Amino acid sequence: MSIIEPRIDVLLDKTEGDKYLLCALSAKRARDINDMMRGQRDRAVALQSASEIAEFAGRKPLSLAMEEIARGEVSYDAEAFHNEE
């Protein structure tokens, strides 16, 4: 399996070059997307509108998460992340 788009260097630029942060951030966002797709909206509805949820149909959650990270649409608290380690 390989990531073609978005390119890994673009993704790493969005996460301070930290591959572990990229992994954690993309996994968390992919879970949110997956929750939306499965109708488990408790946490996810606060993040997305119904029209955005419909847009995700037929796409893999991790791919969508990586695309959002590359576009700069996913934010994180770097200090909180580094304190969890």
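Being a predicted model, the structure only gives us computed values, none of them experimental.
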Test side chain to side chain contact (heavy atoms under 4.5 Å, CB included) applied to Glu73 - qualifying residues, sequence neighbours left out:
Glu68, Arg71
To the closest 0.5 Å, what do you measure between CZ (Arg31) and CG (Leu62)?
11.0 Å
Correct closest heavy-atom pair for Ala65 and Ser26 would be CB-O, 3.6 Å
Are Ile69 and Ile8 connected in a single hydrophobic cluster, I mean Ile/Leu/Val/Met/Phe/Trp/Tyr linked by side-chain heavy atoms less than 4.5 Å apart?
yes
For Thr15 and Leu25, which heavy atoms make the closest approach, and how far apart are they?
CG2-CD2, 4.0 Å
For Leu11 against Pro6, the heavy-atom pair lying closest together:
CD2-CG, 3.8 Å
Non-hydrogen side-chain atoms of Tyr76 and Lys14 separated by less than 4.5 Å:
no
